[in-house]
Amino acid sequence: MTIHDTRAMEEKWLARWEQGRLYSVSSDLSRPKYYCLDMFPYPSGAGLHVGHPRGYIATDIYSRYKRMSGYNVLHPMGFDSFGLPAEQYAIETGQHPKITTDNNIFTFKAQLRKLGFCYDSEREIKTSDAGYYHWTQWIFSQLFNSWYDIVDNKAKPITELISHLEASGNTLIAACSDADTPVVTALQWRQYSKHEQSDFLMKYRLAYRADSYVNWCPELGTVLANDEVKDGFSERGGHPVHKKKMKQWMLRIGAYADRLLDGLSGLDWPDALKDMQRHWIGKSQGAEISFQLAGANSAVRVFTSHPETLYGCTFLVLAPEHELVESITSEAFKEDVAAYLEKTSFRSERDRLTGVDQSTGQFTGAYGIHPLTGEYLPIWVADYVLADYGTGAIMCVPCSDSRDFLFAKTFDLPIKYIYEGAQGSEAPYECVSGNLIDSNEATGLSSNAAKDVIMAKLVETGRGVQTVSFRIRDAIFGRQRYWGEPIPVFYDHEGIPDVVPDHDLPVMLPDIEAFLPTNEGEPPLDRAKNWNYHGQKYETTTMPGWAGSSWYFLRYMDPRNDSRPVSPENIRYWQSVDLYVGGAEHATGHLLYSRFWTHFLKDRGLIDFEEPFKKVLCQGMILGVSAIIYRDKVTHQLVSADIKGERDVQPLYIDIRFVNDSNLVNVDALRSWRRSYEDADFIFNEGVFLCDRLTEKMSKSKHNVEIPDDLVERYGADTFRLHEMFLGPIEQTATWSTQSIDGPYKFLQKVGRLFQDENGNSLVEDGPANGDELKAVHTAIAKVGRLTGEMSYNTAIAALMICVNKLTSLKCHKKEVLEIVLKLLHPYAPFITEELWSGMLHNSDFLLNTDYPIVDERFLIEPEFECPVSIDGKLRLKMMIRRDLTEGEVRVLVLAEPTVQRWLENKEVKKFIFVPEKIVNIVSVYETVD
Ligand code: ANZ
């Protein structure tokens, strides 16, 4: 087959598979299910590069393997089609995001189709389809109408909470609620106005509206999630982000912190991924301690993970956003504090946390009273304390915490040893970096015992309680953007929010013409005309990018259901995802949010399991090779890399296609590539112009992107698939190389030559295979089957290559053997195997519908074995003995052996012991000569 034929052949099979609906699956109770899922892509304008399909090919191979092994495999694909880039593009060009998104999806699908993936296309979903976001909105509405009962440890309908409140107020309710939830009696509750009741319930709802500090990105005109902000800049676009207080829709993920933590232990996920989630959830055992304010009737509550250090506490610090800052600041310090607050509002959380080397802060003029010693402790405000961790206030123990130590040194605050009796002695300054010096030395108490003593004192006087603090924050759910799911909420004439009733969902995203926020700074949806719920205003923020992806795996089970997100029958059959493949960058975003939603949907009875993804595998990145040339900053000349010497140069990325294996740049191609190179002055060294190379992440801006389309066009999809898998173990980073694609290409040619000669004549023979042929192919079944099952694809391909080489040298063309080879190879190279299966072996069914070969161990066994023969306890020789001989036959053979005869001369065989497959033992006695 020529390369040209390959593409035509692949197109033929794509059409046949589609016509035959080969990939269409339904729940089939007679077969076990297997759910194999890829993280669905955001259809960006750039299309797929060779890094993207790595995971898709891996799951495709696995899905085919599982299906041939008797499983009913669900292997769907869809598009995460709401999101920022389409909207940014719309803002710049006026093009409606729906149009760009549809165009991009069209390109993606064409690219994916060529690679021959076995997706059930009838199950394709897009998160931006109203038929899909209808149910995303429905889930939001369920969250709004739920609260979290700590006693039963699950979410429950809000109507139950309301009945409790009506009957007995909230004193007997243990629920996850806002920290400032007041205690109410039934009477108080009933006397609340509608507004007050609504505000009160917001403190319990799992989807709620609250004031919170958000990451505000003025450039993008939106709020961003913590995981969308890196080092104080937006992940997309790199724009500055700062803290701003806003009313936002939030999700109470904190209610699930413990369950999300506990659930991790039962999951087959990479340890690194689990650790990232553990860290993100950040459970910390400690205490909340109250410091009475001097001269006021209130207290500062601090969270500490080290209550045993209380005696070393010499001052208190509040986060700049702490609600007490304003009220406690004394007249004399008002101006200084206001100036400090203004200054820190521009610092990102990360800068604040890591800025240990530059302690900043301001004294408030107020004092707190040490709960055990009664000393007056100055209260400062400083931004190394975060507003939304613990209580937003800390007790400072400079002798044992490095940040407190630095702060105390900077502002000349007292440093005291933990043990009160050690007062006056030199403070042990070396005990920094948060490593506690065990108070043992001074007090004779271990820190644990000290903790118990101190906690007992605090609890007794009502000044402290043991608590657990979590690092995870409730998730902000509203975005000031257009291209997302409308939050299904309206505000009545008093401004009280409620969710749109189920029968009026979906709330359709209205068309608008301009996509920027309004002049008043309202979200773009404020521009929508005649968009209201029976004359009442809709919420105009939309859901974040992670909303639609938090439950899409459920929708694939029942994608066209228009009366519920997914039917109970489908849930019962398909259950959770057995294998989920995608990028590790989603550890604390998507993978955590989906777990949260799945736990919630279980609580509310939609599904009967709480973990969405049993096994997760993260494919390693494929790195590209970039080419860099140098421009002299002074003369603007472009200088060959080998002679740039000491010149002050600016490195420039050029397209890797203009460079050959020896780093030689095709300068003519470069000149016609970009205007800036057209008339540039190139300085060659002895007639050549060289570049440098760098191995790094593929990205358009680095011009090191390789796209699958060109390679598929040239070599065919099978070769491309094999090549990607042969780059190395799937979870490891690999460097892209186009040159080495030749290996897989030649391998497939070799496979073809087992079936036909150069002239296209069939070589296939019908006769039975001989022992060597069977051994070669059954060895391959054993290896390839096991390695494919372990997703060790590169080694499985190597085993297939060994088998094909062996069969080639044996000149084996037996149909019986070749059928097995095709089945083993099919998951990796679906097209050529189908072509040979049908065209050369004349089978009528599709390969995917056949059974995966089963190894017959007998063929792996050598016909003979090496048998040690010992005579009178001494090993005398080793003989090759056929395994199928009886003991009698072995005896005749062994005794006839000349060496044995020599040892037995003049002796009589008394005993002949044969342990099959192992050993022969002969015991003899001297012949007695009378
Ligand atoms: C006294 C102390 C002494 C502390 C000591 C630490 C070491 P983990 O363990 O990660 O939960 N802290 C509490 N709230 C904070 C906030 N909002 N912003 C910044 N820091 C905060 O960290 C808990 C410790 O971090 C707490 O225990 C508190 O300092 C600080 F030798 O209190 B510790």
Side-chain angles (χ1 to χ4, degrees), residues 179 212-213 226 243 254 257-258 261 275 278-291 300-325 344 347-356 359-361 368 370-372 377 379-408 413-419 427-440 442 446-448 450-451 454-455 458 463-473:
S212 72
Y213 280 90
N226 282 337
K243 294 266 157 191
D258 253 325
L261 204 56
D275 285 347
R278 278 194 195 105
H279 181 76
W280 190 261
I281 296 168
K283 185 173 183 172
S284 172
Q285 304 273 0
E288 238 176 66
I289 302 178
S290 288
F291 291 74
V300 175
R301 289 180 307 116
V302 307
F303 171 72
T304 173
S305 48
H306 291 290
E308 71 283 8
T309 65
L310 181 55
Y311 282 116
C313 169
T314 52
F315 58 99
L316 305 175
V317 174
L318 306 183
E321 301 87 351
H322 197 285
E323 55 188 10
L324 283 178
V325 173
T344 87
R347 296 186 76 199
S348 74
E349 182 164 309
R350 193 181 158 107
D351 289 346
R352 288 171 54 165
L353 272 179
T354 53
V356 277
S359 276
T360 67
H370 194 292
L372 299 181
L377 309 172
I379 303 178
W380 283 63
V381 42
D383 68 6
Y384 77 99
V385 177
L386 302 176
D388 44 9
Y389 184 62
T391 60
I394 65 171
M395 62 176 214
C396 297
V397 187
C399 80
S400 111
D401 181 286
S402 59
R403 292 166 307 178
D404 300 348
F405 177 74
L406 190 78
F407 197 82
L413 289 158
I415 298 169
K416 205 168 75 175
Y417 194 39
I418 298 170
Y419 173 54
Y429 292 149
E430 66 280 8
C431 51
V432 290
S433 30
N435 292 327
L436 268 186
I437 284 218
D438 207 305
S439 44
N440 205 5
S446 72
S447 58
N448 263 343
K451 187 186 254 168
I454 289 174
M455 281 316 297
L458 290 173
R463 300 239 163 88
V465 278
Q466 303 252 16
T467 54
V468 174
S469 200
F470 289 93
R471 186 168 292 116
I472 193 170
R473 323 278 161 79

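All ligand and atom numbering here is 1-based and tracks the order in the structure. As the structure is a computational prediction, the values presented were derived from the model and not from experiment.
Taking only nitrogen or oxygen atoms, main chain and side chain alike, Asp401 does not reach within less than 3.5 Å of ligand 1. Checked by distance only, ligand 1 and Gly390 stay at 3.5 Å or farther apart across all their nitrogen or oxygen atoms. The shortest N or O to N or O distance between Thr304 and ligand 1 is under 3.5 Å. The distance criterion of under 3.5 Å between nitrogen or oxygen atoms is not met by Thr309 with respect to ligand 1. Not one N or O of Ser400 is nearer than 3.5 Å to an N or O of ligand 1, by distance alone.
Thr314 places no side-chain N or O within 3.5 Å of a backbone atom of Lys416 that could act as its donor or acceptor partner.
Within the 4.5 Å cutoff, the side chain of Tyr384 has heavy atoms near those of the Asp404 side chain. Looking at Asp258 and Val468, their side chains never come closer than 4.5 Å, going by heavy atoms from C-beta outward. Residues Gln285 and Gln466 have side chains not in contact (no heavy-atom distance under 4.5 Å, counting atoms from C-beta outward).
With values rounded to the nearest 0.5 angstrom, Arg471 atom CZ is found 11.0 Å from Ile281 atom CD1. Here the CD1-CZ distance, from Ile394 to Phe291, works out to 10.5 Å after rounding to the nearest 0.5 Å.
With a 4.0 Å heavy-atom cut-off, ligand 1 is reached by the side chain of Ile394 but not by its N, CA, C or O.
Residues Gly464 and Met455 approach most closely at C-CE, 4.3 Å, considering heavy atoms.
Listed by number with element, the atoms of ligand 1 under 4.0 angstrom from any heavy atom of Tyr384 are 18 (N), 19 (C). Shown in contact with Ser284 at under 4.0 Å from a heavy atom are these atoms of ligand 1, numbered in order with element: 8 (P), 9 (O), 11 (O). Close contacts of ligand 1 with Val385, meaning ligand atoms under 4.0 Å from a residue heavy atom, involve 16 (C), 17 (N), 18 (N), 19 (C). Each of the following atoms of ligand 1 lies closer than 4.0 Å to a heavy atom of Arg471: 10 (O). Here is the list of ligand 1 atoms found below 4.0 Å of a heavy atom in Arg403: 20 (N), 25 (O), 30 (C).
Considering Leu413, Leu318, Val385 in turn, Leu413 is the only one that fulfils the side-chain contact (heavy atoms from CB on, under 4.5 Å) rule with Trp380.
Residue nearest to atom 23 (C) of ligand 1, selected from Ala393, Ser305, Gly282: Ser305 (by heavy-atom distance).
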